[in-house]
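The model shown is predicted, which means the values in this text are computed figures rather than measured ones. Each chain gets a letter, A, B and so on, in the order the sequences are listed, and its residues count up from 1.
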2 protein chains.
Amino acid sequence: MQSITIKDVAREAGVSTATVSRVLNRNGYVSHEVRQQVLAVVKRLNYQPNALARSLKQERTRTVGMVLPDMTNPYFMAVARTIQRRLLAHGYRLFYMDCDEDAEREREAIRVLQEMRTEAVILAGTGGNADAVARMIEAGRTVVLIDRTIDGIRADAVTDDNAGAADEAAAYLLGKYGPRFGIITGPRSTSTSRERAAGVKRALERAGCPSDPALWYEGDYTRRAGMEAGHYFLGMNEPPLAVFSFNNEMTYGFYLAMKQRGLPLDALEVVSFGELDAAPLFENRLSVIRQHPDQIGEAAADIVVSRLEGGAEGEPVQRVIMPALETASR
Amino acid sequence: MQSITIKDVAREAGVSTATVSRVLNRNGYVSHEVRQQVLAVVKRLNYQPNALARSLKQERTRTVGMVLPDMTNPYFMAVARTIQRRLLAHGYRLFYMDCDEDAEREREAIRVLQEMRTEAVILAGTGGNADAVARMIEAGRTVVLIDRTIDGIRADAVTDDNAGAADEAAAYLLGKYGPRFGIITGPRSTSTSRERAAGVKRALERAGCPSDPALWYEGDYTRRAGMEAGHYFLGMNEPPLAVFSFNNEMTYGFYLAMKQRGLPLDALEVVSFGELDAAPLFENRLSVIRQHPDQIGEAAADIVVSRLEGGAEGEPVQRVIMPALETASR
DNA sequence: TGTGAATGTGTAAACGTTAACCTACAGGCG
DNA sequence: CGCCTGTAGGTTAACGTTTACACATTCACA
């Protein structure tokens, strides 16, 4: 229950708490014998320093918080893992919170991270908490947005070139199939979906093609939405000749719909933001826009570290990662 | 930077810190006007209580730690998500640490969680840190093992009936194909793999079949290991008629190997512990042993809550979840 | 021989909360 | 009128660390 404190160690070793602290933190002068003596007692009593007290006194937690919309999405987990490794190497711990694409839980997560005094917050936001984020920045906390930006928020950010990649992909589809391809978007509340949609429209306009609203299906980045979009498109009188899906989960859902309708999965070409784990296992005509999650993670971690170690001041940094379109082999 | 403290709020509102604390924690008597006044100041200053100080004083963090071997494995994430939801409902936060199946990082994670004074630790252990876990229990901390147990450790645990399920699966394969099926195990250091292996052996013995060492491949629960096992088995002069894989990731790897070798993925039957996300998308003869991650998560969360709220004392609780073998349709 | 730097150790004041304890006033009741 | 109870709010001592400061001792050097 109640743990061993530095006082217990000090008493047992016959020294003051200051000395124990000095031994443990390797600062100040301590003689060799005393040091050995203290370390022996620490080991014998299995003493674990109280990080709460330490952080309170030092006013540093060496902890970074991260709020993710979906921990079951391998894309976000890949980003998170890279960030964690990188931060660990610099002596910071990462505290994940999953908010399930829910703005309310996201707000709560942000609150908790602030109360825990995490030194920075990395956020892939739902878009619903601009005010809370703004207050956080205003209070001088380091905030790094990843993947998604938030309207009206000027903060460090690491994002994909969504418009560019979507433009390229749409142009590719246009060239191959003309304008009759379906688009499965994410929720309008996310910057990624809005930017990707803008990219597609740009490509269509450049080619002088009108955009047919019937070919746009607004999903919400979930598997289920992808499936529903699939049934919508495949049930049309004149189904589209190809489909552009704005994330990996919806792509998976789309393929499920094809399967349910008894269509061969290579019946039409699909272009997808984000990779599909399952892709190598089935016949398909899947083109993928690789988002390089580790590049995003590395960039985010680097920004956090430089803000925390170097001066916290300075204009917001914007890092844009270039996704790569990898087209289906046939 | 340095945040607003309860003192600032107190000064601004013209009351003592005790009163502010009372308002915030809804205990003790505070008049309506003062309460409104304080809340207004809290809002205006955007005051965030310091959880470090609070926890230090109260000697409660309302935080539970969780150490996972692999955050990219959807099975563990499903367990984690259920636990988080359940704990949140009881007012606890969950702090995940990923240790990447590495005993050293696991040890480090356990240390950090103890220093943070998480009130309980939920552990899916690599098996390499029995001593650290023993010390943690000895120190009176609540520890719940999930999925895997640790040799020589008596603690609360939520596990699958691994031996039973493996026995059933092996018996099923024996009846259908005789003893010539391959087995891809996990690392010997994990209790799950040992128990599953024991189950298979039990079934073989009962049937009076000798166990052929050439049909056992020791993997390490990674995709890569499954792939290597695949090439090993499929490259044999007389390849096995079916394969039993001890986890989902290795199953995925096995299918990759089949693909690489140009075999149709339904060329032989595979029985796998844990589900495969991709399964619905390709032709296969996959039988799955469902492990019910949410049942495991619920049970683990319930044990934690009852230990933390009710008496911490009492004999270790052992909850065994029954996995369900779901055989391939053909 | 005095002086200053380097080394070694203790004392005590923070860090931001909470909660035990105290004071004070009102009103009800015998 | 005295006393108890309920309400309202202030004072202050913790919680377990770190660290500024103080005090010794040793040793080199002028």
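- Distance CG (A/Leu52) to C1' (C/dG16): 12 Å, rounded to an integer number of Å.
- The closest side-chain heavy-atom distance from B/Val158 to B/Leu145 is not below 4.5 Å.
- Atoms CG (A/Leu56) and C1' (C/dA13) sit 13 Å apart, rounded to a whole Å.
- Every residue two or more places apart in sequence or in another chain that forms a side-chain contact (heavy atoms from CB on, under 4.5 Å) with A/Ala134 is listed here: A/Ile153.
- How far CD1 of A/Ile83 is from CG of A/Leu88: 13.0 Å, rounded to the nearest 0.5 Å.
- The interatomic distance linking B/Ile4 (CD1) with C/dT17 (P) rounds to 10 Å, in whole Å.
- Per the geometry, CG belonging to B/Leu24 stands 16 Å off P belonging to C/dG16, to the nearest Å.
- Atom CD1 of B/Ile6 and atom C1' of D/dG10 are 13 Å apart (whole Å).
- B/Glu119 places a side-chain N or O within donor-acceptor distance of the main-chain N or O of B/Thr61, the cut-off being under 3.5 Å.
- Contacts with DNA chain C (heavy atom under 4.0 Å) in residues 8-23 of chain B: B/Ala18, B/Ser21, listed by number.
- A/Asn129 pairs with exactly one of A/Glu104, A/Glu108, A/Arg135, A/Glu106 by the side-chain hydrogen bond (donor to acceptor under 3.5 Å, both in side chains) rule, that one being A/Glu106.
- Atom P of nucleotide D/dA20 and atom NZ of A/Lys57 are separated by 8 Å, given to the nearest angstrom.
- Put simply, B/Tyr47 has a side-chain N or O that comes within less than 4.0 Å of OP1 or OP2 on C/dT17.
- The CD atom of A/Gln58 sits 14 Å away from the C1' atom of D/dA20 (whole-angstrom rounding).
- Counting to the nearest Å, the P atom of D/dA8 and the CG atom of B/Asn27 are 14 Å from each other.
- Here D/dT17 is the nucleotide among C/dT18, C/dG8, D/dT17 with the atom lying nearest to any side-chain atom of A/Asn50.
- Aromatic ring pairs are classed by plane angle as parallel below 30°, tilted from 30° to 60° and perpendicular above 60°; the pair A/Tyr96 and B/Tyr96 is perpendicular.
- At C/dG8, none of the side-chain N or O atoms of A/Tyr29 fall inside 4.0 Å of OP1 or OP2 (strictly under the cut-off).
- Within the 4.5 Å cutoff, side-chain heavy atoms of A/Leu56 are placed close to those of B/Asn50.
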